[in-house]
Each structure stands twice: as structure tokens, then as C-alpha cells.
Amino acid sequence: MNIVIFGAPGSGKGTQSEKLIEKYGLYHISTGDLLRKEIKAGSELGKIADGYISKGQLLPDSLIIDMLAKLLDTTPETRQGVIFDGFPRTIPQAEALEALLRDRGLELSAVVGLEVDEPELIDRLLKRGQVSGRSDDNLETIKKRLDVYHSQTTPLKEFYIANGKYKAIHGMGSVDSIFESITRALDGCAC
Ligand code: AMP
């Protein structure tokens, strides 16, 4: 099973990914986490990523796609199934994911779309900012990230509705009740 967990910043992708990994034994790929590791390590990619992340902008597609292709090729655990968290974020990334999987004899099973109201997203991200230490969890950058999400990432919802993979999940309420909705949607699909 290869899944994309999809939703705005603050929609709960990381939290629900942790629970999905535990239940389905999937390998977690969070592009945001990978980039933050690169920043910590002071690598070339990290230096480039830092500039984009702190401004709330997306990195160029080619950098993200190359990073992911390398990871898939050097991590045998990804063959057990992957949960993609924070990727894809643009239509070219979604097309690249199809190709990356197809070239490796794999296929995307489903896209779990966490749908959360905007005031709730801002509230959650500001709360997270008090403990995360992330350069992008402040009000100005949160607003920028939400703008970027609306302009560059929401078109993906239509893309995945059109290919029948999108599972809409009401992402408000308790972590456990949202997780239950997700597992119901996944258990009910042919994936
Ligand atoms: P996240 O942890 O998923 O919220 O990502 C934090 C930041 O990392 C984003 O605001 C982007 O600057 C960058 N980033 C993460 N994933 C991607 C991606 N798939 N494409 C472009 N930029 C990304």
C-alpha cells in the first residue's frame, strides 16, 4: 500500500501518519522532515532549503523529486509500502510521483485528504509554533504557507478526484476519531 496524506499545513498529516505507520507498517517519507534534517546537517541542499522554508515558499520541483528518487532507490524498506507526507505539493510533483512509482513496479493506492477549516489550521500552527522551534510556524509565514497551499497545492485535489484515488476525510475533532475515519476509508477501498 502506497498512500499520500494530503492537506493544508496544520491539517494533521504528521500526527495521522504516525498512527498509519503503526497500523499498516508503512515507511514514512515526510519531505519537510527530510529538508529540516538537511538544514541541520548544513548540507548544500539544506542551505538552499532554508531560504525557501523560512519564507513559506515551495522548493523547486526538480530538487524535491531528485531527493525522493534517491531515497526510494537507497531505502529497501520503502518496498513495504510508503506514506508520502508533504509530497506531492504541485501537479508536476504528482505526475513525477506516478512515474517514480511506475518505474519501480509500484502504484499509488489512495490519497487521504484531511479537510480542516482555515481558522482551525492557523490556531493549530500557532500553538505548534510555541513548541516546535520551526522558522515557519509564525503568523506571517503561516499566512504565506496557506496562500501557497491554495494557489499551488489545492489543484491536486481535483487531480486525484479525477483518477479516483482521493478519499475526503473530515479532519476536525479528536485525533482518534479522525484516524478511525481514515482507516474506514482505506479498509473500504480496493488498495
Ligand atoms: P512541511 O513540514 O511539510 O510543512 O514542509 C515545510 C516546508 O518545506 C514547506 O513550506 C516547503 O518550503 C518545504 N517543502 C516540503 N515539502 C515540499 C515539497 N513537496 N515541495 C516543495 N517544498 C516542500
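None of the values given here were measured: they were computed from a predicted structure.
- Heavy-atom minimum distance, Leu186 versus Ala110: CD2-CB, 3.9 Å.
- Closest heavy-atom contact between Pro9 and Leu121: O-CD2, 3.3 Å.
- Using a 4.5 Å heavy-atom threshold, the side chains of His28 and Leu20 count as separate.
- The distance from the CE atom of Met172 to the CG atom of Asp117 is 4.0 Å, given to the nearest 0.5 Å.
- Between Arg89 and Val148 the shortest side-chain heavy-atom distance does not fall below 4.5 Å.
- Contact check for Leu101 versus Glu107: no side-chain heavy atoms found under the 4.5 Å cut-off.
- Interatomic distance, Lys13 NZ to Ile83 CD1, rounded to the nearest 0.5 Å: 11.0 Å.
- Side-chain atoms of Lys165 and Val4, non-hydrogen and from C-beta on, never get closer than 4.5 Å to each other.
- Within 6.0 Å of atom CZ in Arg104, more than 12 heavy atoms from other residues, nucleotides or ligands are found, so the atom counts as buried in its surroundings.
- At a threshold of 4.5 Å between non-hydrogen side-chain atoms, the residues Val175 and Gln16 count as touching.
- Scanning both residues, Leu146 and Ala8, for their nearest heavy atoms gives CD2-CB, 4.2 Å.
- The closest side-chain heavy-atom distance from Arg134 to Thr141 is not below 4.5 Å.
- Scanning all heavy atoms of the two residues, the minimum distance from Ile65 to Phe87 falls at CG1-CE1, 4.4 Å.
- In the displayed structure, Glu118 atom CD is contacted under 6.0 Å by more than 12 heavy atoms of other residues, nucleotides or ligands.
- Considering every non-hydrogen atom in both Ala185 and Ile169, the closest pair reads CB-CD1, 3.9 Å.
- Inter-residue side-chain proximity for Ile182 and Leu114 is flagged as met; some heavy-atom pair is nearer than 4.5 Å.
- Relative orientation of the Phe6 and Tyr166 rings is perpendicular, given thresholds of 30° and 60° on the angle between their planes.
- There is no path of hydrophobic side-chain contacts, each under 4.5 Å, that joins Leu97 to Leu26.
- For Glu18, the CD atom sits in a loose shell: 12 or fewer heavy atoms of surrounding residues, nucleotides or ligands are nearer than 6.0 Å.
- Here the shortest heavy-atom pairing between Asp85 and Ser17 reads OD2-OG, 3.6 Å.
- By the 4.5 Å heavy-atom criterion applied to side chains, Tyr52 and Leu58 are not counted as neighbours.
- Thr90 and Gln152 form no side-chain donor-acceptor contact under 3.5 Å, judged by distance and modelled atom types alone.
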